[in-house]
Each structure stands twice: as C-alpha cells, then as structure tokens.
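Naming convention: chains lettered A, B, ... in sequence-line order (proteins, then strands); numbering from 1 in each chain. The shown structure was predicted, so the numbers you read here are calculated from the model rather than taken from an experiment.
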Protein chains: 2
Amino acid sequence: MPDIKHFDPDASLETVVRLFWRQGVASTGIQDVVTATGLNRSSLYATFGGKQELYLAALRRYLEQRSQPVFRRLAEDERGLPAVSEFFDGLIETRCSGEYARWGCMVSNAHAGAENSDPAVRAVLDQHHRELCEALYAALVTAERQGQLAPGTAPGASADLLALLAYGVNLRSRAGADAATLRNTVTAALDSLGVRAAP
Amino acid sequence: MPDIKHFDPDASLETVVRLFWRQGVASTGIQDVVTATGLNRSSLYATFGGKQELYLAALRRYLEQRSQPVFRRLAEDERGLPAVSEFFDGLIETRCSGEYARWGCMVSNAHAGAENSDPAVRAVLDQHHRELCEALYAALVTAERQGQLAPGTAPGASADLLALLAYGVNLRSRAGADAATLRNTVTAALDSLGVRAAP
DNA sequence: AAAATCTTGAAATGACCGTTCCAAGATAAG
DNA sequence: CTTATCTTGGAACGGTCATTTCAAGATTTT
C-alpha cells in the first residue's frame, strides 16, 4: 500500500561518492548533497541515515565499484610484470586526466582525514589495502613463475612496496603532480624488480 | 607606548600545529584553537589573522621545524644507503610510536584534504616534495659514489620513488599500519636499490 | 473509490561556524 | 602621573551545520 521512492538511490549514491571523493567529508555539507542529488533532506535521511552513514555507504561503493574491479583485473592477469605496469599506467591516467583528474583516490584521501577515527571507516581502509596488496602479490607471483623477476626479489615484500607507491601516486597527483613524472618514477620502480634490461 | 603581548606567539603556533596535524584543518574549529592555546579570539586574530592564514602559518612551521631538519640531516649524511635506511627508520618510529603516533605527516595529510586548493598551501606541498626528493637524491648520489648502488640504478628516479614510498608510509601509518610491516617493506625497497646481498 | 502507508517538501530546531566589535586593562613613553 | 597605544576579555554577529518534525502528496491494496 505504500508509496514508492521517486528517485534511484543507487544513482544518488554515485553522485554522493563524487562529492565526498572530490571535496572530502568534512568540507561537504548536507546542503551540498541535497543540491547535487536533487533529493530533499527527508528522502536523504530516510534512505541513507545521517551524514556518517552516508559517507560510509559512499566509501564502500567507491571500493566496490572503483577499486575492486581494477584489483580483480590485475590479480587475474596472466602476463606478470606487464600487468603491473598496465595497472599503474591506468592509475596515473585516471588520477591526472579526465573527469576525476586531481581528485586522488577516495580511500587514500580517507587515510589522511579525521574520518578514519571511525572504526567502520578504518575497516574499509584496511580491506582496500589488503586487497591491493593481494592483487599485486598475485601478479608478482605470476611474474616470478615466468622468470620475469630479478633473483632475490620477494613477491610479498615487493607487493607491499608497490602498494605504498600507489598511495604516493594518489597523494601527489591530487596536489597536481605531473603524469609524466609519475610514470617515470613508477617505471624505475618496476625496472628495479624485473630482470636487468635486455637489449 | 603600547602594551606588549602577554603570550608567546611561537609556543601558541606550535600548539596550533599539533591541532591541525592531528585533526586536520576542516575538523578543527577556532574554538578548539582558543581552548588549546589558552588565547582568546582577539589575540588570535590580531596575531595570526583568520583561520586560513593560521593554518598556513602552522603548515609552514611544520615544514621548517619538522621536515627540513630531517631532510638536511639526510642530504648531508656521507654514508650513502645507511643514511637513507636511517631516515626511513626514524620516519616509521615517529609515525607509529610516541607523542605523534598515528598522526601521519601534516604535509601528506594536506595533500588529501580540501585545503590544497589554496595556491599558497599547494606551494608548501610542492616545496616539501621537492626538498624531500633532493635530499634523497643527494644521499643516493653519495651512495653511488661509494659503489653501494646496483648497476643501472638511476639516483634521480630512485629518489622520486623513495619519496612516494615515504608518502605511502605516512598515509598507512595514520590508519594504524604496523611498524614492523612498514619496516619490512622499506627494507625490501632499499635492498632492490643496493648491490645484491653480500654474505 | 477508500483506506493504508510510505515519500516528499519545506520550515524549524539548537548548536556551532569564523569573524568582528568594543569597553576595560596593561604597558611604555613623555 | 598622564597620555597614547596596544592587548585582552567577552559578548555579539549573521551564517551554516546536521538533524527533526509534520502536514501534504503519491501510490498500491482492499
């Protein structure tokens, strides 16, 4: 007998993701959300709860829709080092040009803000980090199996290293770092993992 | 003929640094500053100007008092790779234990927030990054001169890489990353730069 | 068509935001 | 000791914050 929603919660949440991603949660007011989504306050609160719950929903959506698909592609890629290289190319491309240029990574941004004192937020950050490391690890194990790694290179430690490097890329790109510079840096990192230059 | 200040502006600014460092500028109100410093609003505004100028002064103080001394020590260290290793050990120590544990780096944090849209803030971030890269570069050139680097390792690109790694350490430590894990990751990075393991 | 129930719009809530203002207090110079 | 000038305390400013409330509107079931 009830009325139905007159909007698409999923599309609204995607709008909210972009808002929080770009501006951060502390600098984004509910009024901003109301304006950007076109919803009004009642529908917003009835659908998502308060601001913190809304942010959490947006952060989880970011992880699921933006991060995990990329991680999955990396982990399942059978090429080894080229897959890792392509992962970073795509990362830098996304961070430095197009619609999301200079937005950084929503999860990386959350690391630096006051929002990470919420245990539920912290859990998303840890999950993101774990999954990133695991995907890199899978790709490096593949690379090792194909003899692409320099002797003495441990896939586990190298995966952690590349994960931290990705956070660095995310941070610096948000402050306007040059894409070419970032690419050079990443290339140097990958070269130091791989077997020494063939002619 | 005038009255003199009844407080030490430098000590007050140091208190403000810690406030903004820990909580971020967006989550810290002027009331928080008033409470923490013991100043009242009039003195605060007369001495430092508004909130944005206060934040900028605090950020610059952080760079000068916290970052640059460490950079200088690194750049002037004549040992090469051990100097770099010690730099990261100290970084992880500061980020994970003691008074500032889990605060991250104030400059790294500023990368991720909305405050970086201010050109003056952006300039501090760029200066920080440049000086960090230069210090690492100096240490790596020293290392190269002493034959500590693996053949084919370019000091410039490696310095950029280690700088991004430092940002990664800063971010993850703020979210509670384990010090031992961070140390392992950094060790792996440095090993990949150095000449292969001697017995 | 009527009843039931959810959604929606818009106003109102009290708390807090950054900032300003001004009278009262304190200090140094004449 | 008076005068000039800055500092200080504290109240007050308009605006915005997240959240709540409630009547009016819309939709499905009976």
Side-chain angles (χ1 to χ4, degrees), chain A residues 1-60 110 113-121, chain B residues 1-60 110 113-121:
Chain A
M1 307 175 181
D3 195 357
I4 58 167
K5 282 191 201 307
H6 297 180
F7 64 94
D8 177 4
D10 211 55
S12 297
L13 190 54
E14 174 59 27
T15 301
V16 175
V17 165
R18 297 176 193 213
L19 223 52
F20 284 146
W21 181 4
R22 180 159 42 105
Q23 312 183 9
V25 62
S27 307
T28 305
I30 290 291
Q31 182 58 50
D32 297 334
V33 175
V34 167
T35 302
T37 58
L39 305 186
N40 76 4
R41 293 174 151 68
S42 302
S43 309
L44 227 171
Y45 277 84
T47 307
F48 300 106
K51 189 186 184 182
Q52 189 62 20
E53 294 166 86
L54 179 60
Y55 173 71
L56 245 170
L59 190 64
R60 292 196 174 112
E115 55 266 36
N116 89 343
S117 53
D118 180 338
V121 170
Chain B
M1 306 176 182
D3 194 358
I4 58 167
K5 281 193 202 307
H6 298 180
F7 65 93
D8 178 4
D10 213 55
S12 297
L13 190 54
E14 174 59 26
T15 302
V16 176
V17 165
R18 297 177 194 212
L19 222 52
F20 284 146
W21 180 5
R22 181 159 40 105
Q23 312 183 10
V25 62
S27 307
T28 304
I30 291 291
Q31 182 57 51
D32 297 333
V33 175
V34 167
T35 303
T37 59
L39 306 185
N40 74 6
R41 293 174 151 67
S42 302
S43 310
L44 226 170
Y45 277 84
T47 307
F48 300 107
K51 189 186 184 184
Q52 189 63 19
E53 294 167 86
L54 179 60
Y55 173 70
L56 246 171
L59 189 63
R60 291 196 175 112
E115 55 266 37
N116 90 344
S117 53
D118 180 337
V121 170

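Rounded to a whole Å, the CZ atom of B/Phe48 is 16 Å from the P atom of C/dT20. If you take NZ of B/Lys51 and P of C/dT19, they are 8 Å apart, rounded to a whole angstrom. Atom CD1 of B/Ile4 is separated from atom P of C/dA28 by 5 Å (rounded to the nearest Å).
Here B/Ile30 lies in heavy-atom contact (under 4.0 Å) with a base. Counting non-hydrogen atoms under 4.0 angstrom, A/Thr28 reaches the backbone sugars and phosphates but no base.
In this structure, of D/dT19, C/dG25, D/dT27, it is C/dG25 that holds the atom nearest to the side chain of B/Asp3. Ranking C/dT19, C/dG25, D/dT19 by closeness to the A/Tyr45 side chain, first place goes to D/dT19. Taking only side-chain atoms of A/Asn40, from C-beta outward, the nucleotide of C/dG9, C/dT27, D/dT19 with the closest atom is C/dG9. Distances from the side chain of B/Pro2 to the nucleotides D/dC6, C/dT20, D/dA26 place D/dC6 closest. Counting only heavy atoms from C-beta on, B/Ser42 has its side chain closest to C/dC22 among C/dT27, C/dC22, D/dA18.
Although no hydrogens or angles enter the test, the distance criterion places a donor-acceptor pair under 3.5 Å between the side chain of B/Ser117 and the main chain of B/Ala114. Without hydrogens or angle criteria, A/Lys5 side chain to A/Ser43 main chain gives no donor-acceptor distance under 3.5 Å.
B/Thr47 places a side-chain heavy atom less than 4.5 Å from the side chain of B/Phe7. The side-chain heavy atoms of A/Thr37 and A/Leu13, taken from C-beta on, include no pair separated by under 4.5 Å.
A close approach under 4.0 Å does not occur between any side-chain nitrogen or oxygen of A/Ser43 and OP1 or OP2 of C/dT7.
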